[in-house]
Amino acid sequence: MPASPRKTAARAQDVLKILSRHQAQHEISIIKLSEPITSYAPPETRQRTSDASNSALEGPTPASLEADLAHYSELFSKLRFSYVEQVTKEKFIRAIVGDPPLIVNMQENLELEKHNLEAKAELKNLKQDVAKMVEDLERKARELTQKYESVQLETTRLEELPSKINRLQAQVAKLKADRATTDSNPEMNLPLVKTKHLVSRRQAEQQEITRELEALQSKLPRKRKEAERLEAELGPLETKRQNSRAAAREAKRRKEAALGGVGDDLEQRARWWRASETILAHLLDAES
């Protein structure tokens, strides 16, 4: 059974607190990683370093540390060459001025050369091991960097998760309320397939209505001109009708005035005689 959103949000907040506390206790940065290297050199040695080294120690970055490593490698190569040269000169001078002087025969030279070859082979193997170790360290450093960036990204997502959960819960509550108000409409409770068919049918009907509307809009200017023409023709007819009605009222008024009110009585008697005649005609037809 899946966990509720509230439990998920609470668990995410707990994980975020633990992660924040762990990061506060074990903060990782290039400056802290370089502190053992920078603190190992004595003060007088730091003062004798070049400007590039001083700038790298003030604000170390991956690029500055790599440049500083190349700088020190070059200095170490020069120092090693000077040391070997100085030791060789010192041994040679001591061998000459010694009492008795040091005399080396062919066999000792061969043994020394053999020993040097073995030492060189061993040194070469050690260099290869060191190079492989450096490659492994660089690969692990890149992997750790990627993991650290991934952890930072997930931390950001965890920080945003509670607000997203609250927003989604509000949307779910709104959808439930909307569903409660639309339960009376059966089309709102259809399955997905039928809903898609209904949507397709409604879209086809909408397109048909749109085409009819466009056709009617194309006829609208002609209909408007025709209506304006009919209105223009209707104006004189309406005036003529009003004039005719006024003339009829005036003629009726004059007729009533001339008859002195007898016209109404004659009209009523004529109606009565016509009704009596109709009744008698029906009776005579029925007797015959």
Side-chain angles (χ1 to χ4, degrees), residues 1-81 119-176 192:
M1 182 177 181
S4 62
R6 295 183 182 274
K7 291 183 179 179
T8 304
R11 190 180 300 110
Q13 290 178 355
D14 294 339
V15 173
L16 184 60
K17 289 179 181 179
I18 296 172
L19 186 59
S20 301
R21 186 166 58 252
H22 181 75
Q23 288 181 348
Q25 295 176 356
H26 304 84
E27 185 178 0
I28 300 176
S29 64
I30 296 176
I31 297 177
K32 289 196 173 185
L33 291 175
S34 64
E35 283 179 357
I37 301 175
T38 56
S39 62
Y40 180 75
E44 57 274 10
T45 305
R46 296 184 196 175
Q47 295 298 327
R48 288 197 300 269
T49 55
S50 62
D51 294 337
S53 299
N54 288 330
S55 62
L57 293 175
E58 289 175 0
T61 60
S64 64
L65 289 176
E66 187 174 355
D68 198 27
L69 178 61
H71 176 70
Y72 279 114
S73 297
E74 184 180 358
L75 291 179
F76 182 75
S77 298
K78 293 178 180 179
L79 179 61
R80 182 179 61 184
F81 179 78
K120 286 182 179 179
E122 185 178 0
L123 180 60
K124 184 178 180 180
N125 293 330
L126 291 175
K127 285 183 178 180
Q128 292 177 354
D129 294 340
V130 171
K132 185 177 179 181
M133 187 182 299
V134 170
E135 291 179 357
D136 292 340
L137 289 175
E138 290 179 352
R139 178 176 53 79
K140 290 181 179 180
R142 292 189 182 93
E143 292 177 357
L144 289 175
T145 302
Q146 293 177 356
K147 290 181 180 179
Y148 182 74
E149 291 177 353
S150 177
V151 169
Q152 292 294 105
L153 180 61
E154 293 298 330
T155 302
T156 305
R157 291 179 179 176
L158 283 175
E159 291 176 352
E160 297 174 354
L161 187 60
S163 60
K164 288 183 178 180
I165 290 176
N166 294 331
R167 186 165 59 252
L168 290 174
Q169 287 179 347
Q171 291 180 359
V172 169
K174 184 176 180 300
L175 290 175
K176 287 182 178 179
L192 181 60

Review point. Looking only at atom types and distance, does a side-chain atom of Ser77 sit under 3.5 Å from a main-chain N or O of Ser73, one as donor and one as acceptor?
Key: yes
Exercise for review: Name all residues meeting the salt bridge (Lys or Arg N to Asp or Glu O under 4.0 Å) criterion together with Lys147; count only those two or more places apart in sequence or in a different chain, and write none if there are none.
Suggested key: none
Point to revise | For Lys174, side chain to side chain donor-acceptor pair (under 3.5 Å) partners two or more places apart | key: Asp178
**Study point:** Heavy-atom donor-acceptor pair, Asp68 side chain to Ser64 backbone, under 3.5 Å
**Key:** no
Point to revise | Contacts of type side chain to side chain donor-acceptor pair (under 3.5 Å), residue Glu138, not counting sequence neighbours | key: none
Practice item. Please round to the nearest 0.5 Å and tell me the distance separating atom OH of Tyr148 and atom OG1 of Thr155. Key: 8.5 Å
**Study point:** Non-neighbouring partners of Gln171 that pass side chain to side chain contact (heavy atoms under 4.5 Å, CB included), sequence neighbours left out
**Key:** Arg167, Leu168
Point to revise | Set of residues satisfying salt bridge (Lys or Arg N to Asp or Glu O under 4.0 Å) with respect to Asp129, sequence neighbours excluded | key: none
Practice item. Could you pull out all residues at least two apart from Arg139 that satisfy salt bridge (Lys or Arg N to Asp or Glu O under 4.0 Å)? Key: Asp136, Glu143
Check your understanding: Distance from Leu161 atom CG to Thr156 atom OG1, nearest 0.5 Å?
Key -> 12.5 Å
Review point. Just how far is it from atom NE2 of His71 to atom CG of Leu69, taken to the nearest 0.5 Å?
Key: 11.0 Å
Check your understanding: If you round to the nearest 0.5 Å, how far is CG of Leu123 from NZ of Lys120?
Key -> 10.0 Å
